[in-house]
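Quick notes on the structure that follows.
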Amino acid sequence: GVKKDGEYLQLNSNILQIENEYYSTIRPKQIAYSGEKPTLALKRRGVRYIEIRSLDLNVFTPIGIDSETGYFLEAFLLYCLFNDSPLKQPGEQKINNENQLAVANSGRQPGLMLNKNGEQIAFQRWATEILNAMRPICEILDQQMQQTPYMDALNQQATVLKNPDLTPSGRILNRMRSRQLSFGRFGISSSQEHQLYFNDHHLDQHKREYFQELAVKSHQKQKQIETTDELPFQQFLYNYFSQK
């Protein structure tokens with residue numbers, strides 16, 4: 001099933017074709033050189049940045065995320081960094097996955113229970129413990145600021161925790177009920193609102209010309225690469241997968 005009539009249908013017979021297809025909630029990354037496998041880039045040069053892959057787009061803001069969420073995430077990631085991270089025990093990943101799915105599917109459900117180190121704990125209690133532990137970090141981050149954006153973002157999440165109707169999913173349901181919209185119509189309506197927003201906010205001429213020039217150069221570079229490439233695809237694949 002890899003080839004048909006001499007043409008590649010897949011790169012190989014594996015479920016995951018390349019390492020980039022392995023998804024997790026947070027993924028360590030290093031900028032790879034041309035043709036370099038991402039795991040080798042990590043091994044050779046360490047973690048340069050991380051991808052947060054479990055963050056949903058905020059449908060209530062045109063760009064998908066607001067500054068408060070950004071401040072909160074920065075503080076939360078620093079909280080994770082400064083906490084001990086022992087190696088996972090057998091079966092712990094299964095518990096983590098079950099907890100994540102329980103919160104994703106039933107996070108607004110009163111009395112939701114999670115598994116913490118083999119013991120049952122209320123979701124709200126555990127979340128409150130984490131938010132309280134983040135407060136010293138937010139205080140330090142706010143020291144060099146004119147206002148207190150990190151603590152404000154933390155308090156906002158604490159308020160949401162106490163009132164599930166303020167969560168993004170709760171707000172979506174409230175909007176659907178108040179406007180008597182199906183979920184599909186809600187999505188279309190939100191998209192139209194964002195379209196109007198961007199129609200009213202244009203790039204200035206300098207930025208527009210910059211991106212237009214960038215697009216032209218990108219197409220020229222692509223054409224140059226395609227016309228000068230002499231390495232057969234079969235050999236390229238062999239070189240890529242044989243890296244160690």
Side-chain angles (χ1 to χ4, degrees), residues 1-58 63-65 69-105 115 117 130 134 137 141 207 210-244:
V2 176
K3 281 186 176 181
K4 181 178 181 181
D5 300 330
E7 297 291 331
Y8 274 92
L9 301 177
Q10 300 188 147
L11 300 181
N12 52 53
S13 58
N14 300 325
I15 294 176
L16 299 182
Q17 301 293 287
I18 56 177
E19 296 165 348
N20 306 61
E21 295 179 358
Y22 180 76
Y23 297 135
S24 56
T25 53
I26 292 185
R27 188 163 65 173
K29 297 285 286 187
Q30 170 61 251
I31 297 175
Y33 299 140
S34 178
E36 184 181 35
K37 295 170 72 173
T39 48
L40 283 179
L42 283 169
K43 185 176 182 180
R44 292 165 177 164
R45 299 184 296 283
V47 178
R48 181 161 181 171
Y49 65 97
I50 57 174
E51 284 182 345
I52 307 174
R53 306 190 59 88
S54 58
L55 184 66
D56 289 330
L57 292 176
N58 183 350
I63 63 172
I65 186 173
T69 302
Y71 285 121
F72 177 80
L73 282 174
E74 183 181 357
F76 177 69
L77 291 173
L78 286 172
Y79 160 78
C80 294
L81 176 66
F82 290 129
N83 272 274
D84 290 336
S85 183
L87 295 175
K88 287 198 292 276
Q89 299 300 313
E92 188 175 352
Q93 184 62 51
K94 181 175 181 293
I95 293 174
N96 292 342
N97 291 341
E98 290 172 349
N99 282 339
Q100 181 189 353
L101 286 174
V103 174
N105 293 329
N115 185 336
N117 301 324
I130 294 173
M134 289 173 56
I137 293 175
L141 291 172
K207 288 183 179 179
Y210 168 76
F211 284 116
Q212 288 174 340
E213 182 181 351
L214 207 63
V216 171
K217 290 181 178 179
S218 178
H219 285 294
Q220 292 173 343
K221 187 176 181 180
Q222 177 190 2
K223 189 174 294 184
Q224 180 185 6
I225 292 174
E226 291 174 347
T227 54
T228 58
D229 187 15
E230 297 180 354
L231 185 68
F233 187 59
Q234 180 74 36
Q235 185 63 43
F236 171 81
L237 282 185
Y238 176 81
N239 294 346
Y240 183 84
F241 288 122
S242 61
Q243 295 179 74
K244 296 182 180 179

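A donor-acceptor pair is defined here as one N or O able to donate and one able to accept, closer than 3.5 Å; no such pair exists between the side chain of R48 and the backbone of L42. One N or O on the side chain of R27 and one on the backbone of N20 form a donor-acceptor pair closer than 3.5 Å. Without hydrogens or angle criteria, E19 side chain to T39 main chain gives a donor-acceptor distance under 3.5 Å. Checking side-chain atoms of E74 against main-chain N and O of G70 turns up no donor-acceptor pair under 3.5 Å. Without hydrogens or angle criteria, D5 side chain to E7 main chain gives no donor-acceptor distance under 3.5 Å. Between the side chain of Q100 and the backbone N or O of S54 there is no donor-acceptor pair closer than 3.5 Å. Looking only at distances, no side-chain donor or acceptor of Q224 sits under 3.5 Å from a matching main-chain atom of K221. In this structure, N12 contributes its side chain and N14 its backbone to a donor-acceptor pair below 3.5 Å. Without hydrogens or angle criteria, N115 side chain to I95 main chain gives no donor-acceptor distance under 3.5 Å. When atom types are taken as modelled, the side chain of Q222 and the backbone of H219 share no donor-acceptor pair closer than 3.5 angstrom.
With a 4.5 Å cut-off on side-chain heavy atoms, I18 and F241 count as touching. At a threshold of 4.5 Å between non-hydrogen side-chain atoms, the residues K3 and Q234 count as touching. With a 4.5 Å cut-off on side-chain heavy atoms, T25 and N96 do not count as touching. Contact annotation: the side chain of Y8 approaches that of L237 to within less than 4.5 Å [non-hydrogen atoms, C-beta and beyond]. L81 is not listed as a side-chain neighbour of F76, based on a closest heavy-atom distance of 4.5 Å or more. Side-chain contact between I65 and L57 is absent, with no heavy atoms from C-beta onward closer than 4.5 Å.
There is no side-chain donor-acceptor pair under 3.5 Å between Q243 and K37.
What you find for F82 and I137 is that their closest heavy atoms are CD1-CD1, 4.2 Å. The two atoms that bring Y240 and G35 nearest to each other are CD1-O, 3.3 Å, heavy atoms only. Across all non-hydrogen atoms, the minimal contact from A32 to R45 is CA-NH2, 3.9 Å. When every heavy atom of P28 is checked against every heavy atom of V47, the shortest pair comes out as CB-CG2, 3.8 Å.
Atoms NZ and OG1, from K223 and T227 in turn, are 9.0 Å apart once rounded to the nearest 0.5 Å. The CD1 atom of I225 sits 12.0 Å away from atom CD of Q220, with the distance rounded to the nearest 0.5 Å. To the nearest 0.5 Å, atom CG of residue L40 and atom CZ of residue R44 are 4.5 Å apart. Separation of atoms CD (E98) and CD (Q93) is listed at 10.5 Å; rounding is to 0.5 Å. With values rounded to the nearest 0.5 angstrom, K207 atom NZ is found 14.0 Å from L214 atom CG. For the atom pair L87 CG and S85 OG, the distance stands at 8.0 Å (nearest 0.5 Å).
At most 12 non-hydrogen atoms from other residues, nucleotides or ligands lie less than 6.0 angstrom from NZ of K88. The environment of CZ in F233 is crowded: more than 12 heavy-atom neighbours from other residues, nucleotides or ligands sit within 6.0 Å. The environment of L101 atom CG is dense: over 12 non-hydrogen atoms of other residues, nucleotides or ligands sit within 6.0 angstrom.
Under the ring pair (Phe, Tyr, Trp, His ring centres under 6.0 Å) criterion, Y49 pairs with no residue at all, not counting sequence neighbours. Residues that satisfy the side-chain hydrogen bond (donor to acceptor under 3.5 Å, both in side chains) test with N58, not counting sequence neighbours, are absent from this structure.
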* Asked: Taking it one step at a time, do K43 and Q30 satisfy side chain to side chain contact (heavy atoms under 4.5 Å, CB included)?
  -> CA-CA 9 Å; K43 185 176 182 180; Q30 170 61 251; over 6 Å; no

